[in-house]
Amino acid sequence: MTLTLATTVPGEPEIFASLQGEGPSIGRPVAFVRLSRCNLACTWCDTAYTWHFEGDNRPHRDGVAFDRSANQVVLDETEVAARIAALGQSRLVITGGEPLLQGPALAKMLEHLDTIAPGMQVEIETNGTVRPTARLDVRVDQYNVSPKLPHSGNPATLALIPEMLDFWADDPRAFLKFVVSEPADLDEVTALIEAHRHPKDRVFVMPEGTDSITLRERERWLADAALERGLRMTDRLHIHLYGDTRGT
Ligand SMILES: C[S@@+](CC[C@H](N)C(=O)[O-])C[C@H]1O[C@@H](n2cnc3c(N)ncnc32)[C@H](O)[C@@H]1O
Ligand SMILES: Nc1nc2[nH]cc(C(=O)O)c2c(=O)[nH]1
Ligand code: SF4
Ligand SMILES: [Mg+2]
């Protein structure tokens, strides 16, 4: 089966080694694979090149027309697994775009990966709106679920599906990671986790931002808010280290 991946440069799939920059595994050395396409359209998405193609039925961002052929590459699941194994890491982060849109092919890729690099730990970065298939789910050690608040520009009917929030609350592998732009967003975070009984020790808040100055500025009030509300906070380490660049 094939997977559709994002690219670093035209034709080169976005498969790379880096430190996990966000969330419960921050600082861990990992292999990353970034898949193409998304079912949401966050106004501040830092990887819009994974879903925002010319001709797509999506709002254009900054008036820039993205070229699909330069931003996608299709590979067999065995080739994807081989490239991940070649990075020599013991942990894998699957991200996108929205990786759970390609559940069946991802499951096959991880099954093959287990034969060439046995025992790799697997994390999935997801917007939390798509249920993982059973065959994929058995291969996953951790879900980093980032539900999208209204400031993302997505309608709540698409982004905040009550049954899915209940589903993640019940899974001890699922950590929520809310992107926050202003202090009032914290009230929405608190209301959501209380409504869906998501344990606070599995809830992170993370500043919106794609440069160090913005992140640091927002972290000043976010740290106090997290402390006050009993939530965990995460930085975005990769932005400080490498800026907002592909393949890092
Ligand atoms: C690009 S998304 C891909 C995975 C999935 N679509 C999701 O949204 O979780 C990876 C992570 O980056 C976060 N993110 C994207 N743009 C961001 C920004 N401008 N500031 C902070 N976090 C951002 C998302 O919320 C998510 O946690
Ligand atoms: N280093 C690094 N850490 C990350 N954690 C989550 C990322 C993502 O885009 O999903 C990401 C990323 O793009 N780079
Ligand atoms: S859900 Fe994730 S990949 Fe999709 S637009 Fe939002 S941040 Fe970007
Ligand atoms: Mg990222």
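Atoms within a ligand are numbered from 1 in the order they appear, just like the ligands themselves.
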Inset, instruction - Check each atom of ligand 1 against the heavy atoms of Thr126 and keep those under 4.0 Å away; list them by number with element. - result: 5 (C), 7 (C), 9 (O)

Inset, instruction - Answer side chain, backbone, both or neither: which part of Pro207 comes under 4.0 Å from ligand 1, heavy atoms only. - result: backbone

Inset, instruction - Under 2.8 Å from atom 8 (Fe) of ligand 3, how many protein N/O/S atoms do you get? Just the number, please. - result: 1

Legend entry - Passing candidate, side-chain contact (heavy atoms from CB on, under 4.5 Å) with Met120, options Asp114, Asp141, Ile84: Ile84

Inset, instruction - Test Tyr49 against every option in Thr7, Asn71, Thr8 by the side-chain contact (heavy atoms from CB on, under 4.5 Å) rule and name the one that passes. - result: Asn71

Legend entry - Nearest protein heavy atom with distance in Å, relative to atom 13 (C) of ligand 1: Met206 CE, 3.9 Å

Legend entry - Nearest option to atom 5 (C) of ligand 1, as decided by whichever heavy atom of Ser181, Ser146, Gly97 sits closest: Gly97

Legend entry - Atom indices of ligand 1, in the order listed, that fall short of 4.0 Å to a heavy atom of Gly96: 1 (C), 3 (C)

Legend entry - Atom indices of ligand 1, in the order listed, that fall short of 4.0 Å to a heavy atom of Val179: 21 (C), 22 (N), 25 (O)

Legend entry - Ligand-side contact atoms (ligand 3) for residue partner Lys148, heavy atom cut-off under 4.0 Å: 6 (Fe), 7 (S)

Inset, instruction - Identify the protein heavy atom lying closest to atom 27 (O) of ligand 1, giving its residue, its atom name and the separation to 0.1 Å. - result: Lys177 CE, 3.1 Å

Legend entry - With Thr47 via side-chain hydrogen bond (donor to acceptor under 3.5 Å, both in side chains) - residues at least two apart: none

Inset, instruction - Using the side chain to side chain donor-acceptor pair (under 3.5 Å) rule, take Ser36 and Gln72 through it: C-alpha gap first, then chi angles, then the decisive distance, then the call. - result: CA-CA 6 Å; Ser36 189; Gln72 289 186 307; 3.0 Å; yes

Inset, instruction - Report yes if the side chains of Val74 and Leu3 come closer than 4.5 Å at any heavy-atom pair, otherwise no. - result: no

Inset, instruction - Start with the C-alpha gap between Asn154 and Asn127, add the side-chain angles, then the distance that decides, and say whether side chain to side chain donor-acceptor pair (under 3.5 Å) holds. - result: CA-CA 11 Å; Asn154 297 291; Asn127 62 33; over 6 Å; no

Inset, instruction - Please lay out, stage by stage, how Arg218 and Glu208 fare under the test salt bridge (charged side-chain N to carboxylate O under 4.0 Å, His left out). - result: CA-CA 8 Å; Arg218 290 182 165 158; Glu208 191 282 322; 2.7 Å; yes

Inset, instruction - Do me a favour and list the nearest non-hydrogen protein atom to atom 11 (C) of ligand 1 with residue, atom name and distance? - result: Glu22 OE1, 3.9 Å

Legend entry - Option whose closest heavy atom lies nearest to atom 1 (C) of ligand 1, chosen from Asn144, Val145, Thr47: Thr47

Inset, instruction - Look only at interatomic distance and state if Trp44 has a nitrogen or oxygen under 3.5 Å from any nitrogen or oxygen of ligand 1. - result: yes

Inset, instruction - Look at the side chain of Lys148 and the backbone N and O of Ser146, then say whether any donor-acceptor pair between them is shorter than 3.5 Å. - result: yes

Inset, instruction - Write out the residue and atom name of the closest protein heavy atom to atom 23 (C) of ligand 1, then the distance separating them to 0.1 Å. - result: Arg236 NH2, 3.5 Å

Inset, instruction - Could you find the nearest protein heavy atom to atom 10 (C) of ligand 1 and give me its residue, atom name and distance? - result: Thr95 OG1, 4.0 Å

Inset, instruction - Report yes if some heavy atom in the side chain of His112 is under 4.5 Å from a heavy atom in the side chain of Thr78; otherwise report no. - result: yes

Inset, instruction - Start with the C-alpha distance between Asp235 and Arg216, add both sets of side-chain angles, then the distance that settles salt bridge (charged side-chain N to carboxylate O under 4.0 Å, His left out), and finish with yes or no. - result: CA-CA 9 Å; Asp235 197 6; Arg216 287 289 179 248; 3.2 Å; yes

Inset, instruction - Would you mind telling me which of Glu22, Lys177, Glu123 makes a side-chain hydrogen bond (donor to acceptor under 3.5 Å, both in side chains) with Asn144? - result: Glu123

Inset, instruction - Ignoring angles and geometry beyond distance, decide whether Glu208 reaches within less than 3.5 Å of ligand 1 through its nitrogen or oxygen atoms. - result: yes

Inset, instruction - Starting from atom 20 (N) of ligand 1, locate the nearest protein heavy atom and write down its residue, its atom name and how far away it is, to 0.1 Å. - result: Gly209 N, 3.1 Å

Inset, instruction - Step by step, work out the side chain to side chain donor-acceptor pair (under 3.5 Å) result for Gln142 and Ser25. - result: CA-CA 9 Å; Gln142 183 176 308; Ser25 319; 3.1 Å; yes

Inset, instruction - Please verify whether a non-hydrogen atom of Glu125 lies at under 4.0 Å from ligand 3. - result: no

Inset, instruction - Check Asp46 against ligand 1 and report side chain, backbone, both or neither, counting heavy atoms closer than 4.0 Å. - result: both

Legend entry - Any donor-acceptor pair under 3.5 Å from Thr190 side chain to Asp187 backbone: no

Inset, instruction - Kindly indicate whether the side chain of Arg83, heavy atoms from C-beta on, has any atom under 4.5 Å from the side chain of Pro13. - result: yes

Legend entry - Atoms in ligand 1 with a heavy atom of Glu98 nearer than 4.0 Å: 5 (C), 6 (N)

Legend entry - is_close_aromatic(His196, Trp168), centroid dist under 6.0 Å: no

Inset, instruction - Distance to 0.1 Å, residue and atom name: give those for the protein heavy atom nearest to atom 8 (O) of ligand 1. - result: Lys148 NZ, 2.7 Å

Legend entry - 4.5 Å side-chain heavy-atom contact, Leu215 and His240: yes

Legend entry - Thr210 neighbourhood, listing ligand 1 atoms whose heavy-atom distance to it stays under 4.0 Å: 19 (N)

